[in-house]
Amino acid sequence: MLTLKDFQREEQPNWCPTCGNFGIILSVKKALMELNVPQEETVLVSGVGCFAKLPYWIKAYGFVGLHGRSLPVAQGVKLANSKLKVIAFGGDGDGYGEGGNHFIHACRRNVNIAYFVHNNGVFGLTTGQYSPTSKKGTKSKSSPSGSEEMPVNPLALAIASGAKFVARAYSGDPKGLVEIMKKAIEYEGFAFVDIMQSCITFGKEHDYFKDKIYHLDDSYDASDKVKAMGKALDYEETERFALGIIYQEL
Amino acid sequence: MKKDLVVRIGGEAGLGLAAAADILAKVFVRLGYHIYSSKEYASQIKGGHNYHTLRITNSNVSADVNDVEVLFAFSKDTIAKHYEFMKKKGIIFVDDSFNVNEEDNKNLVLIKIPVKKLEQELQEKGIVNALFLGAFVKYFGIKSSILEEVIKEFFKEKAGQGERNSKAAREAEKLVERVEEIEAHNNKFDFLSGNDAVTLGALDAGLKFHVQYPMTPVSAILHNLAKEAEKNKELKVMQVEDEIAVINMAIGASYAGARAMCASSGGGFALMIEAMGLASMAEVPLVVVEGQRPGPSTGLPTKTEQGDLKFVLYSGTGDFPHVVLAPANIEECYTETKRAFYLAEKYQLPVLVLIDKQLAESFKTLSFHDESRKLSIDFSKKYGVKIKLEDKDLRNGLFKRYQVENDGVYERTLPGTENGFYTCAGDEHDEVGEIIEEQEIRIKMMKRRMNKLDYIAKELPLQEIYGEKNAEITVVGWGSTSGAIIEAVERLQKQGKSINAFIVKYMRPFMSEEVGNVLGKAKKLILVENNYSAQLGGLIQEKTMIRFEETILRYDGKNFSVDELYEELKKKC
Ligand SMILES: Cc1ncc(C[n+]2csc(CCOP(=O)(O)OP(=O)(O)O)c2C)c(N)n1
Ligand SMILES: [Mg+2]
């Protein structure tokens with residue numbers, strides 16, 4: 001049986017204290033531990049951003065490539081060796097902006113990998129510009145009078161692009177996050193999880209999401225694609241974020 | 001056949017010119033002749049003016065010539081377009097309904113085929129190519145059974161169509177007299193394009209993963225391999241969203257242990273550049289084929305040029321090692337692709353095979369039975385892959401994958417290997433792949449990577465000199481222009497000129513000493529390139545301080561023919 005210690009490496013994460021990435025990295029380790037995936041068969045692939053340093057701090061095979069390009073690398077790894085468990089990581093700038101095209105096509109291609117996006121609504125590593133998921137009107141260093149673009153809706157985009165497993169999680173909800181990660185890792189096909197995350201230095205405060213999130217319960221039918229699309233879109237009106245599997249093809 | 005026979009097939013796209021060219025070439029392959037076949041076409045699917053030229057010879061050549069002996073005129077304007085290239089007493093096969101005037105075509109033999117009439121009689125459409133082919137084989141005394149076999153093979157599953165075309169050819173045979181007699185030779189050749197040769201080279205090197213986004217002139221590599229993957233379950237072939245995905249996916253596959261390749265032209269390669277640096281930094285083996293066409297931008301998509309040499313040489317940020325191999329003919333498209341896989345794997349870096357439209361899409365006969373063409377590399381084993389790890393290989397449970405003291409041996413583990421953990425990193429990193437900023441480690445890692453070029457230089461064979469080593473004049477070139485250079489120089493040698501040709505094949509690492517020595521012997525140097533700015537000349541100057549006073553440059557989208565180049569060289573000798 002694996003323990004959390006098995007994933008320990010000599011270097012410790014250097015994210016800002018209390019950053020949501022700590023919750024995410026711990027959840028990744030827990031999910032892998034609970035699923036008992038052999039470490040040597042685990043490949044963690046990321047791009048560039050604060051989030052992207054995650055593979056440096058987990059003992060497994062890691063690949064830290066280019067900004068926005070974790071998905072093609074991860075699919076190449078899986079296609080070359082189907083025995084490996086491959087998880088790709090993205091950021092909202094990295095995965096929805098720079099690598100947006102890969103996201104659409106990875107949804108269509110349905111290669112058996114999991115894709116976790118650390119969505120903090122900001123470009124963290126480049127010190128706080130607005131990102132593709134920032135709300136319209138967001139003031140930042142690069143949008144001093146407020147951003148003019150509509151934010152992308154990653155869940156709706158994934159469903160529209162043919163993804164068969166689409167989920168939302170929150171970095172401040174470790175229990176729910178581990179469960180969703182496990183399901184995504186076990187899912188046979190492309191499994192996408194948008195992980196909402198605060199950025200205490202440049203973005204939203206931790207308590208921003210506190211009364212905006214709720215868990216989908218058993219009465220929610222995730223296999224109904226049209227309803228799922230509605231669920232993916234509704235926070236734009238309600239500012240309430242459903243957590244759980246939004247859409248999963250039966 | 002005493003002399004060369006040059007056949008040109010011209011007309012609008014969509015009339016079956018390519019089929020006629022392919023079938024005719026294969027007829028001559030069966031007769032044991034050498035063939036060099038090139039095509040000129042417009043970037044449109046129907047209409048426009050396209051032509052194929054088949055140079056049928058008794059010796060091995062890799063270039064076009066000017067004079068055309070036989071013309072298949074699929075449209076009326078074909079004759080006008082190619083009239084100036086026709087040899088005296090040249091033969092034109094033409095549809096009689098074009099009403100071509102004998103007066104306008106003095107000194108030429110017109111063979112008029114009643115296409116409309118035959119189409120009516122046979123109740124067929126679109127058989128002009130079969131009619132011309134039938135008339136051609138009869139005129140040249142080639143057995144009709146050979147043509148029929150080739151037609152049958154061409155149409156394969158579509159047996160009915162093959163039969164109908166053969167029937168049409170037989171009808172046309174009845175209309176012409178036998179005038180010549182072409183004898184058969186006892187040669188057995190393969191007939192391949194540069195794209196085919198790259199494909200075969202990759203497969204013989206154990207290619208397992210190919211990924212590409214279509215782009216002229218190298219789309220055929222994707223087509224070839226996609227077809228191959230249908231029967232070869234070990235091979236994975238992907239067409240993906242863009243060239244950035246292409247190269248990153250190839251890198252992922254290679255990192256996981258599959259021999260991987262990708263291909264594009266300049267525009268697509270431009271999108272790959274950031275990831276060239278990634279492969280070099282993370283030390284992932286990778287073979288990239290770049291098929292040049294004239295830029296900038298979309299440029300002339302279906303024409304040829306050697307304008308990307310400097311671009312591919314400097315295709316990345318910072319100082320990073322990569323290899324650039326430039327095959328000079330279709331045979332070398334095969335051998336250099338194989339070499340690319342070997343170097344990429346052994347030295348864990350990206351290796352570029354630089355070709356162009358003229359190489360990629362021209363066809364020629366060659367013989368893979370010829371042992372000298374085979375590069376003796378054992379591709380059954382993987383180079384530099386560590387399977388078992390000992391304590392000395394590890395630092396705190398991580399594999400010292402980017403070890404500094406390595407004596408030229410570069411090792412990695414593949415994911416799945418017990419205790420082989422490391423981070424494959426695009427950031428500067430230490431020996432286990434940990435992200436670092438320490439200056440001493442940075443310096444050591446730069447050296448570890450850059451040293452590869454010195455090790456590789458020791459493995460490369462000498463580049464060829466054609467003619468006397470100590471000739472007074474040396475003509476220098478590279479890539480697809482080599483065929484014309486070598487033949488033009490041979491003509492001048494036969495006239496007693498003290499001249500040789502030197503073809504540069506290894507662009508990076510550049511063999512400065514070798515090139516300097518060869519060029520240093522000549523009293524006069526002439527540089528020939530298919531580009532505007534003499535890019536190889538610039539490279540040679542950078543590396544050897546040798547400057548070219550005399551250059552012959554062409555950048556109109558066309559390759560040099562032997563005749564054109566001969567005339568140009570003669571003026572300078
Ligand atoms: C091609 C390229 N463009 C720009 C950058 C600079 N860059 C690094 S990280 C980043 C944005 C990161 O934002 P995000 O992906 O949301 O990750 P976060 O830092 O917020 O976790 C940018 C623009 C880069 N590294 N590469
Ligand atoms: Mg972000």
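Quick note: numbers below take in every heavy atom, side chains included, and nothing from hydrogens, waters or symmetry partners. Just so we're on the same page: letters track the sequence lines, and every chain starts at 1. No experiment lies behind these values; they were computed from the predicted model shown.
- Among B:I435, B:L278, B:I251, the residue with the largest count of heavy-atom pairs under 4.5 Å with chain A is B:I435.
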A:V64 and B:D427: CA distance, side-chain angles, deciding distance, side chain to side chain contact (heavy atoms under 4.5 Å, CB included) verdict: CA-CA 7 Å; A:V64 183; B:D427 294 293; 3.7 Å; yes
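- With 3.5 Å as the limit, one finds a donor-acceptor pair spanning the side chains of A:E10 and B:N396.
- Identified under the side chain to side chain donor-acceptor pair (under 3.5 Å) test for residues 247-260 of chain B, with sequence neighbours left out: B:R259-B:E345.
- With a 6.0 Å radius and a threshold of 12 heavy atoms from other residues, nucleotides or ligands, B:D319 has its CG atom at or below the threshold.
- With values rounded to the nearest 0.5 angstrom, B:F421 atom CZ is found 5.5 Å from A:E40 atom CD.
- Heavy atoms only, all atoms of each residue included: A:H102 and B:E241 are closest at ND1-OE2, 2.9 Å.
- Within a 6.0 Å sphere centred on NZ of B:K444, heavy atoms belonging to other residues, nucleotides or ligands number 12 at most.
- When heavy atoms are compared at a cutoff of 4.5 Å, A:K53 approaches chain B solely by way of its side chain, counted from C-beta outward.
- Each of A:V111, A:L79, A:V73 was compared with B:M249 under the side-chain contact (heavy atoms from CB on, under 4.5 Å) criterion, and only A:L79 meets it.
- With a 4.5 Å cut-off on non-hydrogen atoms, A:L84 touches chain B through its side chain but not through its backbone.
- In terms of heavy atoms, B:A245 sits closest to A:P72 at O-CB, 3.7 Å.
- For the set A:K83, A:H67, A:Q39, the count of heavy-atom pairs under 4.5 angstrom toward chain B peaks at A:Q39.
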Check step by step if side chain to side chain contact (heavy atoms under 4.5 Å, CB included) holds for B:T423 and A:W57. CA-CA 9 Å; B:T423 314; A:W57 299 317; over 6 Å; no
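- Here B:C424 is the residue among B:A425, B:C424, B:A260, B:G426 with the most heavy-atom pairs under 4.5 Å with chain A.
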Carefully, step by step, assess B:E434 and A:R9 under the rule salt bridge (Lys or Arg N to Asp or Glu O under 4.0 Å). CA-CA 10 Å; B:E434 198 73 62; A:R9 280 175 57 161; 3.2 Å; yes
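- Listed options A:A106, A:P38, A:G76, A:S46 were ranked by heavy-atom pairs under 4.5 angstrom with chain B; first place goes to A:G76.
- Annotation: salt bridge (Lys or Arg N to Asp or Glu O under 4.0 Å) contacts of A:E98 (sequence neighbours excluded): A:R69.
- Shown here for A:V43 and B:P415, the closest heavy-atom pair between the two residues is CG2-CB, 3.6 Å.
- Remark: side-chain polar atoms of A:Y61 are paired, donor with acceptor, to backbone N or O of B:T417 under 3.5 angstrom.
- Note: A:N81 CG to B:K208 NZ = 13.5 Å, rounded to the nearest 0.5 Å.
- Separation of atoms CD (A:E11) and CG (B:L398) is listed at 10.0 Å; rounding is to 0.5 Å.
- Contact count versus chain B (heavy atoms, under 4.5 Å) is highest, among A:A80, A:P55, A:A74, A:G99, for A:A80.
- With a 4.5 angstrom heavy-atom cutoff, B:V246 does not touch chain A via any of its atoms.
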